[in-house]
Amino acid sequence: MDSEKNSSGIPLYTRKNRKGLSSYAWLGFVLVALVASATVLQQCYSPDRAIAGRLGKAGAAAAQPKCPSVGIHRPETYDTYKKTLDKIMNDEGFRNESVSKMQHAVRIDTSSFDDLPLDVGSNLPLFEHFDVFLDSLRKDFPLFHEHTELHKVNHHGLVYIWQGSDESLKPLLLMAHQDVVPISEDSLAKWEHGPFSGDYDGKYLYGRGSGDCKNLLISHFEAVEELIKAGFKPKRTVVFSYGFDEEILGPRNKNAEFIEELYGAKSMYAVMDEGGVSMMEISGTTMAVVGTGEKGYLDVSLSIQKKGGHSSVPQDHTAIGMMGSLIVEIENDKFPTYFVEKNPTFYQYVCLAEHAVDIDPLLKQDILNSQIDEQANANVREFMNRDRFTSYAIKSTQALDVIHGGVKYNALPEFVELVVNSRVAVEESVTFAFKKFLKDAETIARQYNIGLSAQFPYSNGTEVVILPATDVGIMTVKPITILEPSPVTAANDMHWKIFAGTARHVYEELAYPDRFNNSDEQVVVTPGLGTGNTDTKLYWNLTDHIYRYRPGVLPSVNGNSHGINEYIEFDSHLQCIAFIFEYIQSVDEIQD
Ligand SMILES: *[C@@H]1O[C@H](CO)[C@@H](O)[C@H](O)[C@H]1NC(C)=O
Ligand SMILES: *[C@@H]1O[C@H](CO)[C@@H](O)[C@H](O)[C@H]1NC(C)=O
Ligand SMILES: *[C@@H]1O[C@H](CO)[C@@H](O)[C@H](O)[C@H]1NC(C)=O
Ligand SMILES: *[C@@H]1O[C@H](CO)[C@@H](O)[C@H](O)[C@H]1NC(C)=O
Ligand SMILES: [Zn+2]
């Protein structure tokens, strides 16, 4: 991302001169890294670039600390299984075996294509690679398969149940997806390692799915295999759920329904899936960002129907001309911005304000005062709204993506359609966003004196908003695809303490003890917002605690997901295994 910088590279945040604000690129990266399918995110993110913008010296310590940072959390059984943990993190033999298991997973091409049929059962040959994938899992992880019960849902959805001894405890649900993004033919030549080679050079492992997110899936199997070998027997049931069409929006994924049938609504202790930003340096602090909410989604169609005719005798405004006005109206009518506690991004900025060493004192003050001082709140919103990579986090967005209309040079267009893609802020709803577009449509319909009808989200029928006068045309507004913003996971409870505390434990005590031991430095674990959607959208009924976070860190845990030369740094994979290993134990020890 290019951004303005002054000659020292220090972005400016002064009330007098806010020109430099867009150079807060680093803030953008934190957020950008949470965009799109949890996966695209890490593609955009690179820690080196993220460090680029350093801020001015910190001001005096500010009041109102609200960052939900937590203490390190170790399981009570830490010492019991420490030997195994050491092996996972440091043993060369384990690492070698683990490399070959990841290679097996990456070498099976499980690409999801957009045109795959919805009906899996009638098209089994098209999904055969998932059988191969399952066979490979069975071979590499025999103990896992011996100790769990596998349910195949809609043929290739995998739900494994590792039965705990205490049925009064809510099961923990760990997720990932089996499918990957296809390789485009024309990019093939640009892959330095074959996309399904699984090449390993001692440090990095290459191939489609290595980062998104077969590594997460495999780390579940690795961790459980090691727990079983070490003699761990769960009190709390652990459920593992793997979809097979996440990259094509998940309509074939019936796993959540299956789990809900089996256990009921709100029956899970927590859900953990891909997403988040594993660890990054920002302005002198180290942050791990856990996705605790996702924006919603609305594709809305706005069309104009008008009587056609010969274009030698046109009216002043054809349907295309009217659509032009509507386009201008929509783009000029922006969604409101918010900087409030409901939005995970709010906490992320509060954490920055509290912990970043080099943050500009004015910015810090404004962030910390934002809930009691309207001007401070407005300042922060204005600042974030200047850069598209930060603005999306504080408002609903709109993108005019598709338009068609007109068929012949000499004929008046009878039908013009515009499709707008909107990502709905967690503070709002699909209906709120829809009404904004309807309001824009009404403005233009009245301007041209044409009719307007609307089909509201969740309703089948069409409502007449403006009765069409004879013959002049009618505008129609209707939703195509809708998804509400997700509920936001709390970051002030025991569930969060254990999750975030486990991340600190893994990074500070296991992965980089030399750096963190006897040092004031800590990993600040903060909530963050995903603008895209993971498979978790199907799991809202099952729990209020959904964490979108793929552990495993530096320097670039997940290179080029969805892109060319996707890879993973192998240390990251081992850290991910360690996280799952420790998290299962910690969750097993508490009541709920
Ligand atoms: C691990 O693999 C490397 C590279 O193939 C090899 O040199 C090393 O001896 C192996 N170590 C063990 C303990 O298997
Ligand atoms: C929409 O129509 C379907 C079938 O035509 C019907 O089953 C459903 O109840 C309707 N929903 C609403 C909200 O009217
Ligand atoms: C951290 O340092 C203390 C001594 O200050 C030492 O006892 C402990 O073993 C160290 N921990 C790690 C993980 O290195
Ligand atoms: C969640 O529960 C509601 C109400 O029981 C149900 O209508 C809906 O289909 C469920 N959602 C999913 C994704 O299963
Ligand atoms: Zn993914």
Side-chain angles (χ1 to χ4, degrees), residues 33-43 87 90-103 105-106 110-112 153-154 157 159 173 175-182 198-205 208-220 241-268 271-278 291 294 458 482-484 486-487 530 532-544 546 548-550 552 557-563 566 568 570 574 576:
L34 278 170
V35 196
S37 137
T39 51
V40 173
L41 15 140
Q42 319 241 354
Q43 167 196 358
K87 179 178 82 173
N90 302 313
D91 184 81
E92 196 183 73
F94 180 84
R95 184 185 179 99
N96 282 2
E97 281 177 32
S98 197
V99 164
S100 56
K101 288 171 189 172
M102 261 305 284
Q103 287 175 325
V106 168
T110 53
S111 296
S112 269
V153 184
N154 197 13
V159 175
L173 177 50
M175 291 168 58
H177 57 86
Q178 306 168 64
D179 60 318
V180 299
V181 175
D199 282 355
Y200 173 66
D201 64 9
K203 188 167 183 194
Y204 301 108
L205 191 146
R208 177 61 86 231
S210 58
D212 177 12
C213 62
K214 283 178 175 170
N215 63 322
L216 179 60
L217 185 151
I218 294 294
S219 66
H220 296 162
S241 177
Y242 307 115
F244 60 104
D245 63 349
E246 194 273 346
E247 300 292 3
I248 45 176
L249 302 179
R252 301 159 197 79
N253 187 340
K254 307 296 175 204
N255 290 12
E257 284 163 49
F258 173 82
I259 295 166
E260 189 173 345
E261 236 163 71
L262 213 54
Y263 291 100
K266 303 292 177 199
S267 55
M268 297 289 119
V271 161
M272 175 183 177
D273 194 10
E274 62 176 337
V277 183
S278 38
E294 288 177 347
Y458 309 108
I482 62 174
L483 174 68
E484 291 295 341
S486 77
N533 303 103
T534 56
D535 270 345
T536 56
K537 64 177 178 280
L538 303 166
Y539 291 69
W540 298 345
N541 282 352
L542 290 169
T543 180
D544 293 331
I546 299 183
R548 301 156 188 89
Y549 188 68
R550 203 272 317 277
V557 65
N558 176 0
N560 311 329
S561 288
H562 292 203
E566 182 174 342
I568 183 164
F570 211 74
L574 299 175
C576 191

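Just follow the structure's listing: the first ligand is 1, and inside any ligand the first atom is 1.
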The closest protein heavy-atom partner of atom 13 (C) of ligand 1 is E92 OE1, 3.5 Å
Are the side chain of S241 and the backbone N or O of V159 linked by a donor-acceptor pair below 3.5 Å?
-> no
Counting only non-hydrogen atoms of the protein, does one fall under 4.0 Å from atom 4 (C) of ligand 1?
-> no
What residue among H220, Q178, H177 forms side-chain hydrogen bond (donor to acceptor under 3.5 Å, both in side chains) with Y242?
-> H220
Nearest protein heavy atom under 4.0 Å from atom 11 (N) of ligand 1, yes or no | yes
What atom name does the N, O or S atom of E274 nearest to the Zn ion (ligand 5) carry?
-> OE1
Strictly under 6.0 Å, is that where the ring centroids of F570 and Y204 end up?
-> no
Counting backbone and side chain alike, does C213 bring an N/O/S atom below 2.8 Å of the Zn ion (ligand 5)?
-> no
the protein heavy atom lying closest to atom 6 (C) of ligand 4 turns out to be N541 ND2, 4.1 Å
Among all protein heavy atoms, pick out the one at the shortest distance from atom 1 (C) of ligand 1; state its residue, atom name and that distance to 0.1 Å.
-> N96 ND2, 1.4 Å
Do any of the N, O or S atoms of D212 sit under 2.8 Å from the Zn ion (ligand 5)?
-> yes
Salt bridge or not for R548 and E274, using N-O below 4.0 Å?
-> no
Can you tell me if K266 uses its side chain to pair, donor with acceptor, with the backbone of W540 under 3.5 Å?
-> yes
Any atoms of ligand 4 less than 4.0 Å from a non-hydrogen atom of L538? List them with their elements.
-> 13 (C)
Atom indices of ligand 1, in the order listed, that fall short of 4.0 Å to a heavy atom of G93 = 13 (C)
